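Below you'll find the structure I mean.
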Amino acid sequence: MVAPMDWVGGMTLFVVRQKLPVGAAMTAVALWSVAATPALAQINPYAQTGSNGPADNDDPSLRAPTAVPGLAGYNRGLSLDFSILSRYDDNLGRQPVKDGGFRFRPQVNGVYGLGLGRGGVFVQANYGRDFISGTSRLRPSDRLMLGGGLDFQLSRCTGEVGGSWRRALSFVTDTTQFGGFSQETATAGFAAQCRIGSALSINGSVLRSTIETVRDSSGVVPFSTAFNVERWSYSAGLGFGTPALGQFSLGGSITDSKFPGRLVLTPTGVVEDGLSQRSARFGYSRRFGNRINLSVGASYIDTQPSTTLSVVLIDGVPQVVDRPGFRGLGYDAALDVTLSRRMGLMITAGRNTFANGVVGAQFTVANTWAAQLDYQLGRRFTVGAGVSHRRSDYRGAFNSPLDPVRRVSDDFTRYYGQFGGRLARRMRFTIDVAHNMRRSNPAILNFNSTSVGFSLGYQLGRGAK
């Protein structure tokens with residue numbers, strides 16, 4: 001597995017804690033720095049861990065994490081990672097009219113862990129900078145992260161508690177001003193799992209997170225508070241299984257979000273906009289021999305605005321906004337297949353609702369699927385190719401300086417190929433080519449882009465659980 005928190009897949013990834021299966025070896029070369037990004041309110045926290053392909057954005061992983069978002073977790077000793085990501089994109093800002101540019105990001109990541117009884121405490125930090133050239137739409141910006149936590153093991157229970165803060169440009173696919181504004185995110189949480197007997201387990205988590213748009217001093221992109229989010233999330237679950245039967249799970253989650261930059265006009269005055277998300281999920285996972293690992297889940301999702309009143313103040317400007325909720329079925333599926341000693345296939349699919357801080361809408365109903373095929377060349381290198389698709393339907397869409405048109409839906413497709421591996425025991429690299437395409441309603445948000453990226457990372461320090 002990669003570092004346990006990969007809610008957000010793919011920028012510069014260079015920490016691999018254990019030996020990866022062939023199907024995941026390629027993408028593990030790029031998933032480290034984005035582990036600092038907090039969850040974007042994914043309602044299903046139970047699926048397997050996975051990745052998203054090339055390092056051309058900061059999207060959430062298509063497979064959910066298993067601990068506190070934003071934390072690297074405890075590993076004894078000091079680990080330092082130096083990485084460089086470079087990418088040329090013929091449409092760097094992802095606009096209808098192409099505006100090519102070059103993005104270069106050096107970054108250093110550090111984690112220090114100290115044993116403490118049957119667990120350990122750890123602190124982590126990274127510093128990097130996005131240098132951008134060739135386009136006037138984007139400006140260079142620092143990339144900062146601080147965090148720390150405690151991993152513990154008490155009798156039959158294991159868990160993690162901690163928090164993190166980060167600031168960086170927003171390179172998330174859904175944004176229309178891709179890379180054009182910075183956000184600060186702060187996350188604190190607790191997650192634990194306890195085993196009862198040989199086959200039964202319980203788990204739970206509590207998470208507090210905030211996302212705040214940072215004023216752009218360059219003046220290239222207008223400022224808005226409409227994307228700010230304050231969120232509490234809770235989850236609990238029950239698991240039962242044996243190696244012969246597989247693992248069954250039953251769980252639920254609650255997420256309550258507030259948007260302090262959006263005010264709803266009510267008969268008694270203005271109140272902060274909000275969103276309530278509730279879900280219940282039944283899941284099953286099993287490993288079939290040494291070749292197949294399967295996880296599937298079905299869920300019922302209930303996502304509703306705090307009020308259905310339709311006059312909303314966005315940055316002080318009143319708008320009439322349609323504010324429907326959503327009640328319906330969701331699902332998640334993850335399949336890893338070892339086709340041969342050298343070849344592996346990963347397939348992921350799902351449907352869920354998201355309330356994130358980068359889209360001019362109250363929430364999104366997203367249908368996603370992705371497939372990746374990897375082939376290991378000798379012991380050091382891996383070549384792979386993949387495709388992913390996301391259908392996003394936006395509910396409660398509004399206008400803002402960062403989203404100037406109301407969005408109805410998007411179909412976003414990515415095709416990519418990549419080659420990577422080890423140049424030395426501590427040095428890893430990735431070369432990838434990616435093509436992105438968005439077909440949107442309204443069509444003014446359509447774009448195509450093709451990019452080529454090269455990543456290089458070097459790790460110092462050696463840790464063991």
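Just so it is clear, the model here is predicted, and its values are computed rather than measured.
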Review point. Would a distance-only check, ignoring hydrogens and angles, find a side-chain to backbone donor-acceptor pair under 3.5 Å from His435 to Ser449?
Key: yes

**Study point:** Verdict with reasoning, Asp130 to Arg143, per salt bridge (Lys or Arg N to Asp or Glu O under 4.0 Å)
**Key:** CA-CA 7 Å; Asp130 288 299; Arg143 180 169 287 253; 3.3 Å; yes

**Study point:** Arg391 bridged to Asp393 by N-O distance under 4.0 Å
**Key:** yes

Point to revise | Closest approach of Arg262 to Ala361 (non-hydrogen atoms, all atoms of both residues) | key: NH1-O, 3.5 Å

Exercise for review: Check for a donor-acceptor pair, side chain of Ser299 on one end and backbone N or O of Ile301 on the other, with a separation under 3.5 Å.
Suggested key: no

**Study point:** Main-chain N/O of Gly180 paired to Ser170 side chain as donor or acceptor, under 3.5 Å
**Key:** no

Review point. Is Arg94 close enough and on-axis enough to Phe412, meaning under 6.0 Å and within 45°, for cation-pi?
Key: no

Exercise for review: Would you please say whether a donor-acceptor pair under 3.5 Å links the side chains of Asn441 and Ser409?
Suggested key: no

Point to revise | Backbone of Leu339 reached by a side-chain donor or acceptor of Arg342 within 3.5 Å | key: no

Review point. Any donor and acceptor pair, going by atom type alone, linking the side chain of Asn352 with main-chain N or O of Ala366 inside 3.5 Å?
Key: no

Check your understanding: Is the number of heavy atoms from other residues, nucleotides or ligands within 6.0 Å of NZ (Lys98) greater than 12?
Key -> yes

**Study point:** Thr213 side chain near Ser224 side chain, heavy-atom distance below 4.5 Å
**Key:** no

Practice item. Could you walk me through whether Ser253 and Ser279 pass side-chain hydrogen bond (donor to acceptor under 3.5 Å, both in side chains), step by step? Key: CA-CA 5 Å; Ser253 62; Ser279 78; 2.9 Å; yes

**Study point:** Full working for salt bridge (Lys or Arg N to Asp or Glu O under 4.0 Å) between Asp332 and Arg281
**Key:** CA-CA 10 Å; Asp332 58 271; Arg281 177 185 180 273; 2.8 Å; yes

Check your understanding: Within the distance-only criterion (no hydrogens, no angle test), does the side chain of Arg287 pair as donor or acceptor with the backbone N or O of Asn293 below 3.5 angstrom?
Key -> no

Exercise for review: Could you tell me whether a side-chain N or O of Asn91 sits under 3.5 Å from a main-chain N or O of Gly100, the two making a donor and an acceptor?
Suggested key: no

**Study point:** Heavy-atom side-chain contact between Leu460 and Ser79 under 4.5 Å
**Key:** no

Review point. Yes or no on ring pair (Phe, Tyr, Trp, His ring centres under 6.0 Å) for Phe122 and Tyr112, after CA distance, side-chain angles and deciding distance?
Key: CA-CA 5 Å; Phe122 62 94; Tyr112 178 73; over 10 Å; no

Check your understanding: Considering residues, nucleotides and ligands other than Tyr88, do more than 12 of their heavy atoms fall under 6.0 Å from its OH?
Key -> yes

**Study point:** Phe454 side chain reached by Ile84 side chain, heavy atoms, under 4.5 Å
**Key:** no

**Study point:** Flag, side chain of Gln95 to backbone of Gln177, donor-acceptor distance under 3.5 Å
**Key:** no

Check your understanding: Taking the side chain from Asp174 and the backbone from Val359, do they hold a donor-acceptor pair closer than 3.5 Å?
Key -> no

Exercise for review: With the side chain counted from C-beta on, respond yes when Val405 and Ile444 share a heavy-atom pair under 4.5 Å apart, and no when they do not.
Suggested key: yes

Check your understanding: Taking C-beta and beyond as the side chain, do Gln372 and Met346 meet within less than 4.5 Å on heavy atoms?
Key -> yes

**Study point:** Close side-chain approach of Asp142 and Tyr127, heavy atoms under 4.5 Å
**Key:** yes

Check your understanding: For the residue pair Thr255 and Ser233, what are the closest heavy atoms and their distance?
Key -> OG1-OG, 3.2 Å

Check your understanding: Side-chain contact, heavy-atom cut-off 4.5 Å: Leu423 with Leu456?
Key -> yes

**Study point:** Contact summary for Pro260 and Glu230, nearest pair of heavy atoms
**Key:** CG-OE2, 3.9 Å

Check your understanding: Under 3.5 Å, side chain of Arg76 to main-chain N/O of Leu114, donor-acceptor pair present?
Key -> no

Check your understanding: Among side-chain atoms of Asn446 and Ser440, is any donor-acceptor pair under 3.5 angstrom?
Key -> no

Check your understanding: What is the minimum heavy-atom distance between Ser164 and Leu71, and which atoms define it?
Key -> CB-CD2, 4.2 Å

Point to revise | Between Asp410 and Tyr394: side-chain donor-acceptor atoms closer than 3.5 Å | key: yes

**Study point:** Shortest non-hydrogen separation from Gly357 to Val229 and the atoms involved
**Key:** CA-CG2, 4.0 Å

Exercise for review: Tell me whether the guanidinium CZ or amine NZ of Arg390 lies under 6.0 angstrom from the six-membered ring centre of Phe354 and within 45° of its axis.
Suggested key: yes

Exercise for review: Decide side-chain hydrogen bond (donor to acceptor under 3.5 Å, both in side chains) for Thr382 and Asp374; before the verdict, give the C-alpha distance in whole Å, the side-chain angles of both, and the deciding distance to 0.1 Å.
Suggested key: CA-CA 7 Å; Thr382 307; Asp374 293 326; over 6 Å; no

Check your understanding: Taking all atoms of both residues into account, what is the closest heavy-atom pair of Arg438 and Thr175, and its distance?
Key -> NH1-O, 3.7 Å

Review point. Does Arg129 count as lying over the ring of Phe131, i.e. NZ or CZ under 6.0 Å from the six-ring centre, within 45 degrees of the axis?
Key: yes

Review point. Considering only heavy atoms from C-beta outward, does the side chain of Tyr415 approach that of Val433 to under 4.5 Å?
Key: no

Point to revise | Gln376 and Arg341 side chains, donor-acceptor separation under 3.5 Å | key: no

